[in-house]
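So the structure is just underneath, and the comments pick up after that.
Values in this document were obtained by computation on a predicted structure and should not be read as measured data.
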Amino acid sequence: MSPAAATGEPEQAYRLGRVSCAEGQAVGCNYAFAPVADIDFEYHNPITNVRTYGSDPETVKKYALAYMRAAKECGTAVSVKHFPGDGVDEVDQHIQTSVNSLSCEAWDQTYGDVYQALIDAGALTVMVGHIALPAYQKKFNPDFPKKVMPASLSPELLKDLLRGQLGFNGMIITDATPMVGFLSAMDREKSVPYCIEAGCDMVLFNKDYEEDLSYMKRGYEQGVLSQERLEEAVTRILAAKAALGLHRKQREGTLLPKRENLSAIGCETHRRWAKECADKAVTLVKDTQSLLPVSPERHKRVLLEILGKCPSEERVLTHFKELLEREGFEITAYEEEVFDFSKPMRFETVTEFRNKYDLVIYLGNVENASNQTTARLNWHAPYGAGNNIPWFVEVVPTLFISFQNPYHLLDVPMVKTYINAYSNHDGMIEAVVEKILGRSAFLGKSPVDPFCGKEYLTY
């Protein structure tokens, strides 16, 4: 979930576009695989719940348009994604073809409205996902097979819907073709040339370059890929480059930016914008135990636990721990217990735990990963053994802070104080600490329903 969306200010999405595109231009990148125009309808989806501007189509449209406006000002081409729209089902197109199951009418009012607005605003390219849209595939082709077919291989969605109904005249690029959502749809020997014949103009990533090139040539020779479609695809690629003025830059020798342009990276303005966004994004979802603000006078002894095995784990834990220790808290970082139930074991009693800690803080740091089917919480301790799983919420005040997934409350409904921060960069961690200490107000507005439609999570 983009922190920009939680600020309630489309201007933050504009700033995101300015920062990412300006810094990209500083190192010679002219093309952004953004903005994300997906809508987070399904909270179980492990990809859209950390990549979108939320679950409201109008909000997604406003923020995507703001990002695109900034990209244009930077001279960067956008690639609106992931057509025809991710976030309806609960699967990940990296590991299987996902399905947008909306009716034609419902799609028109949501994803269709978003894409139409972005196309009308001048989007140069659209990235097509390995996502099926059966309603429109069957509408344009009554004989469409029952097999799930991704948009990246569907002329019904590329030519009839995107080109025809929406009037898109720019370049179409596939999402990464080594993703299983593409690979499993048909034999790659056919799918490589056929994705161009179906309506795509450019292929993103190869499984093996030489093999894919041979498949493309063979498909052309065998008539899978027509001369007409090949020439059209090349023309659209060249047109996209021309729209960016790359031919002029090449002629003038300015394709590579000057070294002094690197000063844009991490400049003072960009750092200030990031800090302001973090301050406005952190969202207090609930505090039904009136725990906040915390202080070393009342909550000195803290058990700190981080959930989510990923490369950023040590950085997030260390930075958060150091910030609290500077304030006078005594922090005990949780260490995984070793369980051997074949032998007699002794765990801390409830009384011992109560006498040992004044506060427990969980840091949810479950990062998005394209090979995982869920972004849920997993526990080291089985049952109520050990101190990993939150059995103690009625014994010691417990606070949960999610730095990634905004739906973790689903797995910790017993925790009475819960915060969503949407990102684990250092500035966001610092903003969270300022707020739990009471030095800064919570300003964030959740762009999704963090209670997942379940009333009991609000208690």
Note to self: Using the rule side chain to side chain contact (heavy atoms under 4.5 Å, CB included), only one of Leu161, Asp175, Leu133 pairs with Phe83; which is it?
What the structure shows: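 When side chain to side chain contact (heavy atoms under 4.5 Å, CB included) is applied between Phe83 and each of Leu161, Asp175, Leu133, only Leu161 qualifies.
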
Next item on the list: State yes or no: are the ring centers of Phe140 and Tyr136 separated by less than 6.0 Å?
Entry: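 Phe140 vs Tyr136: aromatic centres under 6.0 Å.
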
Checklist line | Aromatic ring proximity, centroids under 6.0 angstrom, Tyr67 and Tyr14 | finding: no

Under a plain distance cut-off of 3.5 Å, with no hydrogens placed, do [Y] and [X] share a side-chain donor-acceptor pair?
X	Y	answer
Gln227	Glu231	yes
Glu156	Asn141	yes
Tyr422	Asn420	no
Tyr407	Ser402	no
Thr48	Glu42	no
Tyr63	Gln12	no
His130	Ser152	yes
Ser154	Gln137	yes

Only counting residues at least two apart or in another chain, list the ones meeting side-chain contact (heavy atoms from CB on, under 4.5 Å) with [X].
X	value
Pro257	Asn261
Val180	Ser184
Leu244	Asn30, Ala77, Leu124, Leu246
Val366	Ala375, Leu377, His408

Kindly check if the number of other-residue, nucleotide or ligand heavy atoms within 6.0 Å of [atom1] ([X]) is above 12?
X	atom1	answer
Glu337	CD	yes
Gln250	CD	no
Glu314	CD	no
Phe442	CZ	yes
Glu252	CD	yes
Lys62	NZ	no

Please work out which of the three classes, parallel, tilted or perpendicular, describes the rings of [Y] and [X], given edges at 30° and 60°.
X	Y	answer
Trp379	Tyr362	perpendicular
Phe339	His380	tilted
Tyr111	Trp107	parallel

Does [X] come within less than 4.0 Å of [Y], counting only side-chain N to carboxylate O?
X	Y	result
Lys309	Glu336	yes
Arg163	Asp201	yes
Lys138	Asp143	no
Glu58	Lys61	yes
Arg15	Glu276	yes
Lys217	Glu221	no

Closest non-hydrogen atom pair, [X] against [Y]:
X	Y	result
Ala34	Val78	O-CB, 3.1 Å
Ala198	Leu153	CB-C, 4.0 Å
Tyr53	Ser2	CE2-OG, 3.6 Å

Note to self: Let me confirm one number: the CD1-OG1 distance from Ile196 to Thr174, rounded to the nearest 0.5 Å.
What the structure shows: 7.5 Å

Compare all side-chain heavy atoms of [X] with those of [Y] and state whether any distance is below 4.5 angstrom.
X	Y	value
Phe168	Gln165	no
His82	Val128	no
Phe451	Pro413	no
Tyr459	Lys416	no
Leu158	Ile172	yes
Leu162	Leu157	no
Pro35	Val80	yes
Thr110	Ile39	yes

Show me the donor-acceptor pairs within less than 3.5 Å that the side chains of residues 424-432 make with the rest of the protein, sequence neighbours left out.
| unit_1 | atom_1 | unit_2 | atom_2 | d |
| --- | --- | --- | --- | --- |
| Asn424 | OD1 | Arg315 | NH2 | 3.2 |
| Asn424 | ND2 | Ser312 | OG | 3.0 |
| Asn424 | ND2 | Asn365 | OD1 | 3.0 |
| Asn424 | ND2 | Glu367 | OE2 | 3.0 |
| His425 | ND1 | Gly427 | N | 3.1 |
| His425 | ND1 | Met428 | N | 3.1 |
| Asp426 | OD1 | Arg315 | NH1 | 2.8 |
| Glu430 | OE2 | His319 | NE2 | 2.8 |

Check: Does any N or O in the side chain of Asp449 come within less than 3.5 Å of the main-chain N or O of Gly453, such that one atom is a donor and the other an acceptor?
Finding: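 Yes, Asp449 side chain to Gly453 backbone: donor-acceptor pair under 3.5 Å.
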
Notebook entry, point to check: Among all residues two or more places apart in sequence or in another chain, which pass the salt bridge (Lys or Arg N to Asp or Glu O under 4.0 Å) test with Arg188?
Noted result: Asp212

Item checked: salt bridge (charged side-chain N to carboxylate O under 4.0 Å, His left out) assessment of Lys207 paired with Glu211 -> CA-CA 8 Å; Lys207 188 167 176 60; Glu211 182 179 60; over 6 Å; no

